[in-house]
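Inspection log for the structure reproduced underneath, given as structure tokens.
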Amino acid sequence: MLALLLPSVFATLAGLASGGSLSGWRRARLDWWPLLVLAFLAEVVLYDPPVNQQPWALVFGPWIWVLARLAMLAVCLRNARTGPQWSVPWLVMFLGLALNAVVIVANAGHMPQSPAAAAMVWGDAYVQPERYADQLENVVWMTDETPFAWLGDILPEPAWLPHPNVLSIGDVLLAIGVAIWTFLITCEGRAPARSAPVQATHGPALRTGDPRAEAGA
Amino acid sequence: MQFGHKWARPSNLARIAVVVVSAMAMLLGGSAGHYWG
């Protein structure tokens, strides 16, 4: 988890170091954010007790998860195009989510996980055939027949990180996209007299998705 | 309650909280691992 959050933390610190301010965060516009939070809460409820042991959850849970991911994709798309230009960070987030969605749908609502990568993170004893059985899990073991295996969880986080996990390429893109977004909205908190708008610094394509903020509102 | 910066007013803090919560939801919900369990 920390490996996903750290890029955004460092990006925010970099934005502050370059003269930005957290005041830019209050101007950041995030359309459909309740849908995003709702989709996340649905995942939390779905994959934790007692819901994850319910018969209906075992049958429909993977596809409810797919629906939650589609909702997140919709939020990304909405925020990627709120003005005349596309927002790079939201497009990167969309790409990450889309790559994860492709492999999840191709594997019937589950993210395939590399046993080798899991062993590197949690040890050989963790890799048991029944590890992800008997309750609703969003992860299945990767096999030779797994479709889109290269989009699955194949990237082990360093074991020295707190709560290490195995990441997918989509996860990495998602973390990069959020980090770019937090950097840009932090930079937009600059005092107008001290610096030029973010658009002038990063080019017209790098938008946060908020025309009002970019106009210095 | 008096705050030192104008962006630290409760209404602004609520806006910042929306950004933080949404970013966390995007990262943890969008990533495909079981990070929240």
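All chains are named by letter (A, B, ...) in the order of the sequence lines, taking the proteins before the strands, and each is independently numbered beginning at 1. Values reported hereafter were calculated over all heavy atoms of this structure, with side chains retained and with hydrogens, waters and symmetry mates removed.
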Within 6.0 Å of [atom1] in [X], more than 12 heavy atoms from elsewhere:
| X | atom1 | result |
| --- | --- | --- |
| A:Phe10 | CZ | no |
| A:Arg131 | CZ | yes |
| A:Tyr132 | OH | yes |

Do [X] and [Y] make a side-chain contact, defined as non-hydrogen atoms from C-beta onward lying under 4.5 Å apart?
| X | Y | answer |
| --- | --- | --- |
| B:Leu28 | A:Glu43 | no |
| A:Arg26 | B:Val19 | no |
| A:Trp25 | B:Asn12 | no |
| B:Leu27 | A:Ser8 | yes |
| A:Trp33 | B:Met26 | no |

Requested in this report: Please report the shortest heavy-atom distance between B:Ser22 and A:Leu30, naming the atom on each side.
Outcome: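 Residues B:Ser22 and A:Leu30, closest heavy atoms: CB-CD1, 3.4 Å.
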Requested in this report: Check A:Asn100 against B:Gly30 and note the closest heavy-atom contact, atom names and distance.
Outcome: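 For A:Asn100 and B:Gly30, the tightest heavy-atom pair comes out as ND2-O, 3.3 Å.
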Query raised in the report: With only heavy atoms counted, which part of A:Ala39 is less than 4.5 Å from chain B, the side chain, the backbone, both or neither?
Result: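 Answer is neither: A:Ala39 stays 4.5 Å or more from chain B.
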**Report entry** Per-residue contact mode, A:Leu173 against chain B (heavy atom under 4.5 angstrom)
**Finding:** neither
Report task. Please determine, among A:Leu97, A:Leu174, A:Val178, the option with the most heavy-atom pairs under 4.5 Å with chain B. Result -> A:Leu174
Query - A:Arg69 side chain to B:Gly29 backbone, donor-acceptor under 3.5 Å - result: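 Yes, the answer is positive, given that a donor and an acceptor are paired below the 3.5 Å cut-off.
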